[in-house]
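Sequence lines set the chain letters: A, B, ... in the order given, protein chains first and strands last, and positions in each chain run from 1.
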Number of protein chains: 2
Amino acid sequence: MNIGEAAAASGVSAKMIRHYEAIGLIEAAGRTGSGYRTYGQKDLATLTFIRRARDLGFSIAQIRDLLALWRDRSRASADVKRIAGAHIEELTAKMRQLQEMVMTLQHLSAHCHGDDRPDCPILERLATGGAGKDCC
Amino acid sequence: MNIGEAAAASGVSAKMIRHYEAIGLIEAAGRTGSGYRTYGQKDLATLTFIRRARDLGFSIAQIRDLLALWRDRSRASADVKRIAGAHIEELTAKMRQLQEMVMTLQHLSAHCHGDDRPDCPILERLATGGAGKDCC
DNA sequence: CTTGACCTTGACATCATGGGAAGGTGCAGG
DNA sequence: CCTGCACCTTCCCATGATGTCAAGGTCAAG
């Protein structure tokens, strides 16, 4: 299987497959006589594994660890769970940050007339840090 | 005021102040005879504005627009509100993505024994895409 | 043999930020 | 006056994950 096929089948772009090879996340693929990379079912499974992990927001570093555990038949599931747990915390922290931003923005936006007049609590907040004169 | 002071007072790093100047987000600062950048109260206000906007997750491009509106006395608050609204949508979309990841991970993690045994629904999910044998 | 689709490597862009090197400036103390 | 330290300057490189583009080689079908 050429890289294009592997990309289509795994959902990882050809570009990223080469990149993952370059950074050592996956082993260097076999090559044909003319230098084309070739992929087998095992490689495909690895690539698909990686894509699913990326879809779940795992970083390359975390995926490196997950791949090692995946290949390690004597792994302890606790190790996997720990990585996942850490990742859940990271994601949750990010969500909280976003949540706070959204709350603030919604609040400011709700108090903004949104008409032709220049007065705007959003700008006011950015400029002065205060809550704006129309604010509760 | 030197760049270090301006950085401390505004909460924007000296590095980033120079960067913002280089990309044209802020005007080039005045210089002393020996080439040091100097900042006044107005510059400080701009930098603080930028930092607050960054804290709310606005991109540089959005901040560029917000700054223009801020300086424009004949602005319509509707323009500001539109930018904020678009940003709220972006943030909310990101939050939803994170939320989905977290839900999936929590589900998988809950079904992982987390002990010495190698069986792990998390890896199983990444490997096969299925829900894992212990799954509801 | 030509054409078009695919592959190769390499360089550069994104976005916001940080790190560091190499060298100049300013001020305080000896 | 000199020394030392803290600060400033510019320039280059790195992050993380991905994309784009370019120049050239390869393969299969017509």
Side-chain angles (χ1 to χ4, degrees), chain A residues 1-26 28-40 43 47-67 86-87 90-91 93-94 97-98 101, chain B residues 1-26 28-40 43 46-47 49-67 86-87 90-91 93-94 97-98 101:
Chain A
M1 193 170 12
N2 279 343
I3 197 171
E5 266 179 290
S10 67
V12 180
S13 74
K15 188 78 190 177
M16 291 314 296
I17 296 178
R18 295 194 195 98
H19 179 61
Y20 291 155
E21 184 182 315
I23 64 175
L25 183 64
I26 57 180
R31 300 283 185 135
T32 67
S34 57
Y36 282 24
R37 289 174 179 82
T38 56
Y39 297 88
D43 305 306
L47 289 171
T48 308
F49 182 101
I50 292 173
R51 186 188 50 74
R52 293 212 183 90
R54 290 289 309 135
D55 286 349
L56 286 175
F58 284 102
S59 70
I60 299 293
Q62 287 171 319
I63 293 177
R64 207 181 287 269
D65 295 343
L66 288 173
L67 275 174
H87 184 43
E90 289 167 25
L91 294 180
K94 270 190 209 167
Q97 283 189 349
L98 291 179
M101 293 179 192
Chain B
M1 193 170 15
N2 280 342
I3 198 171
E5 265 179 290
S10 67
V12 180
S13 73
K15 198 86 182 171
M16 290 315 297
I17 296 178
R18 295 194 195 97
H19 179 62
Y20 291 154
E21 183 182 315
I23 64 174
L25 183 65
I26 57 181
R31 300 283 184 135
T32 68
S34 57
Y36 283 23
R37 288 175 179 81
T38 55
Y39 297 88
D43 305 305
T46 304
L47 289 171
F49 182 102
I50 292 173
R51 186 188 50 72
R52 292 213 183 90
R54 291 287 309 135
D55 286 349
L56 286 175
F58 285 102
S59 70
I60 299 294
Q62 288 172 320
I63 294 177
R64 207 181 287 270
D65 295 343
L66 289 173
L67 275 174
H87 184 44
E90 290 167 24
L91 294 180
K94 271 189 207 165
Q97 284 189 348
L98 292 179
M101 293 179 192

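- The phosphate of D:dT18 (OP1 or OP2) has a side-chain N or O of A:Y20 nearer than 4.0 angstrom.
- Here A:F58 lies out of heavy-atom contact (under 4.0 Å) with every strand.
- Counting only heavy atoms from C-beta on, B:M16 has its side chain closest to C:dA16 among C:dC7, C:dA16, D:dT10.
- Between A:I26 and A:I17, the closest heavy-atom pair is CD1-O, 3.7 Å.
- An OP1 or OP2 oxygen of D:dC8 is reached within less than 4.0 angstrom by no side-chain nitrogen or oxygen of B:R37.
- When rounded to the nearest whole Å, the span between NZ of B:K94 and C1' of C:dC15 equals 10 Å.
- In the set D:dT10, C:dA16, D:dA17, D:dA17 carries the atom at the smallest distance from any side-chain atom of A:I60.
- Under 4.0 angstrom from either OP1 or OP2 of D:dG25 there lies no side-chain N or O belonging to A:R31.
- OP1 or OP2 of D:dC27 lies within a sub-4.0 Å distance of a side-chain N or O belonging to A:S34.
- Checked by atom type and distance alone, the side chain of B:H87 pairs as donor or acceptor with a backbone atom of B:L56 at under 3.5 Å.
- For B:I17 and C:dA16, the CD1 to P distance is 17 Å, given to the nearest whole Å.
- B:S59 comes within contact range of the sugar-phosphate backbone alone, with a heavy-atom separation under 4.0 Å but no base atom that close.
- Contact check, B:R54 against C:dT17: a side-chain N or O comes under 4.0 Å of OP1 or OP2.
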Review item, side-chain donor-acceptor pairs of residues 32-40 of chain B, under 3.5 Å, at least two apart:
unit_1	atom_1	unit_2	atom_2	d
B:T32	OG1	B:S34	N	3.3
B:T32	OG1	B:S34	OG	3.2
B:T32	OG1	B:G35	N	3.4
B:T32	OG1	B:Y36	N	3.1
B:R37	NE	B:E21	OE1	3.0
B:T38	OG1	B:G30	O	3.4

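- Taking atom CG of B:N2 as the reference point, atom C1' of D:dT9 lies 12 Å away to the nearest angstrom.
- Here the C1' atom of nucleotide C:dA16 and the CD1 atom of B:I50 are 13 Å apart, to the nearest Å.
- Residue A:S13 is in sugar-phosphate contact alone, with no base atom involved, counting any heavy-atom pair closer than 4.0 Å across all strands shown.
- Residue B:H19 contributes atom NE2, which lies 10 Å from atom P of C:dC15 at whole-angstrom precision.
- Nucleotide C:dG10 holds its P atom 12 Å from the CD atom of A:E21, rounded to whole Å.
- Taking each heavy atom of A:A14 and A:A7 in turn, the nearest pair found is N-CB, 3.6 Å.
- As rounded to whole Å, 9 Å separates atom C1' of C:dT9 from atom CZ of A:R18.
- Heavy-atom distances to DNA chain C give each of A:Y36 and A:K15 a nearest nucleotide, and the one nearer the 5′ end belongs to A:Y36.
- Residue A:L25 contributes atom CG, which lies 13 Å from atom P of D:dG16 at whole-angstrom precision.
- Among residues at least two apart or in separate chains, there is no side-chain hydrogen bond (donor to acceptor under 3.5 Å, both in side chains) pair with a member in residues 5-19 of chain B.
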